[in-house]
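The structure under discussion appears below in the form of structure tokens.
Counting starts at 1 for both ligands and their atoms, following the listed order. Quick caveat: nothing in here was measured; it's all calculated off a predicted structure. Numbering starts at 1 and runs along the sequence shown.
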Amino acid sequence: ALMKAKRGGILDCEEYDETMRHYIMTEQSIVNDMMEALQRGEFKVYLQPKYDAATERVVGAEALVRWIHPVRGEISPAEFIPVFEHNGFILKLDQFVWEETCRLLRKWINEDRNPPPVSVNVSRVDFYSTQLVNIIEKLVQKYHLPRELLELEITESAYTDNPQQIVRVVKELQQRGYKILMDDFGSGYSSLNMLKALPVDVLKLDLKFLDDKNETGRGGNILNSVVRMAKWMHLPVVVEGVETRQQVDFLRTIGCDYIQGYYFSRPIPVEDYEHLLAQRTFV
Ligand code: C2E
Ligand code: CA
Ligand code: CA
Ligand code: CA
């Protein structure tokens, strides 16, 4: 019934019994509260820079949402994203993040900052919308952006949920010129199958999915093999969750292309990222 609720829109209550109807109405009132929070400006986009592993220069960023609650303060996305995926608000919130990102890219282009790409997250639940491609296309047109500036991160497990739909939408987005990043690669059970069926452009690996982060241990070996496999497939690799100098050095040695993590920078407010862009030197 939940899946139905997602697809039909949460207010299509006719087909549900009393309990379910009550449940849906409760969820709807939470969604209404969220819409108000969104309009009050409680959600903010932060940017976490990505670095070239060889030159250690900024090559882009990932947009990550923050909820600055008037009473509770900053709430972690790990707490609210699953709730919003459940009640359907995620598509609205993601659209807000995508639009904010497009607006920033356009602003930086106008300021002659020559901005590198910014990736945004696309929730598994967003794929239940038949309008997904349209929504993204409209934004990119509204802000007159080259499509390669707005990169799309799709988490690996979204594919497991809904393989046919994901493959269809991803191919369509790629044909239109968007870059697709496979987020959390290797965290699921069918990573290799997925890679066979889904034509992604970049692999993102998170160190947190390796139990053993010791370079010489199994974790290091797995990383090394995945990076080599990616190279055979001509896929660039971003490693995230990188916190130490040793990890950076190891990743560079095994040929990882890009690094994202607290070692270089946490997700930061837009103004701080703009300072980073201003400090960039070009060679
Ligand atoms: P993710 O997409 O895998 O994003 C990476 C997460 O790792 C971010 O957590 C980031 O702050 C964190 N991180 C980055 N470097 C390090 C590091 O060196 N060490 C550690 N321990 N963590 C690091 P964050 O911002 O809390 O977001 C958590 C998850 O929430 C994201 O994981 C993503 O799945 C989801 N999320 C965040 N923003 C959005 C959004 O706008 N839309 C959607 N649909 N999901 C979002
Ligand atoms: Ca991500
Ligand atoms: Ca990730
Ligand atoms: Ca994730």
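Considering backbone and side-chain atoms together, Ala63 places no N or O closer than 3.5 Å to any N or O of ligand 1. The shortest N/O to N/O separation between Asn121 and ligand 1 falls below 3.5 Å. Taking distance alone, with nitrogen or oxygen atoms compared against 3.5 Å, Tyr263 stays at or beyond that limit from ligand 1. Considering backbone and side-chain atoms alike, Arg66 places an N or O below 3.5 Å from some N or O of ligand 1. Remark: ligand 1 and Glu153 share no N or O pair separated by less than 3.5 Å (distance only, no angle test).
Interface of Asp184 with ligand 1, defined as ligand atoms under 4.0 Å from a residue heavy atom, comprises 3 (O). Within ligand 1, the atoms closer than 4.0 Å to a non-hydrogen atom of Glu243 are 17 (C), 18 (O), 19 (N), 20 (C), 21 (N), numbered from 1 in the order shown.
The same ILVMFWY cluster, assembled from side-chain heavy atoms under 4.5 Å apart, contains both Ile81 and Trp67.
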Asp206/Asp183 under side chain to side chain contact (heavy atoms under 4.5 Å, CB included): CA gap, chis, key distance, verdict: CA-CA 8 Å; Asp206 193 323; Asp183 201 359; over 6 Å; no
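Under the 4.5 Å side-chain criterion, counting only non-hydrogen atoms from C-beta, Tyr51 is in contact with Ser265.
Under the 4.0 angstrom criterion for non-hydrogen atoms, Glu62 is in contact with ligand 1.
The two residues Pro116 and Arg280 come nearest to each other via the heavy atoms CD-NH1, 3.5 Å. The two residues Phe127 and Val169 have their closest heavy-atom pair at CE2-CG1, 3.8 Å. In terms of heavy-atom proximity, Ile135 sits nearest to Ser129 at CD1-OG, 4.3 Å. Here the closest non-hydrogen pair linking Ala63 and Asn121 is O-ND2, 3.5 Å.
Of the listed residues (Tyr262, Phe209, Trp98, Phe264), the one carrying the non-hydrogen atom nearest atom 18 (O) of ligand 1 is Tyr262. Among Gln48, Gln260, Glu240, the residue whose heavy atom sits closest to atom 15 (N) of ligand 1 is Gln48. Looking at Ser119, Pro267, Ser265, it is Pro267 that brings a heavy atom closest to atom 11 (O) of ligand 1. Among Pro77, Pro82, Ser76, the residue whose heavy atom lies nearest to atom 30 (O) of ligand 1 is Pro77.
Between the side chains of Gln95 and Asp126, not a single donor N or O lies within less than 3.5 Å of an accepting N or O. A side-chain donor from one of Tyr178 and Glu137 sits under 3.5 Å from a side-chain acceptor of the other. For the residue pair Ser119 / Lys50, a side-chain donor-acceptor distance below 3.5 Å is found, with atom types taken as modelled. A donor-acceptor contact closer than 3.5 angstrom is absent between the side chains of Tyr143 and Arg103.
Between Glu153 atom OE1 and Glu62 atom OE2, the angle centred on the Ca ion (ligand 2) amounts to 90° (nearest 10°).
Among heteroatoms of the N, O or S kind in Asp183, OD2 lies nearest the Ca ion (ligand 2). Of all N, O or S atoms in Asp184, the one lying closest to the Ca ion (ligand 3) is OD1.
In Val242, the part holding a heavy atom less than 4.0 Å from any atom of ligand 1 is the backbone. Residue contacts with ligand 1, taken as heavy atom pairs separated by less than 4.0 Å, involve Val65 via backbone and side-chain atoms alike. Looking at Leu64 against ligand 1, both its backbone and its side chain come within 4.0 Å, counting heavy atoms.
Using a cut-off of 3.0 Å, one finds that Asn121 contributes an N/O/S atom close to the Ca ion (ligand 2). Here Glu240 reaches the Ca ion (ligand 3): one of its N/O/S atoms is less than 3.0 Å from the metal.
Within 6.0 Å of NZ in Lys138 there are 12 or fewer heavy atoms belonging to other residues, nucleotides or ligands.
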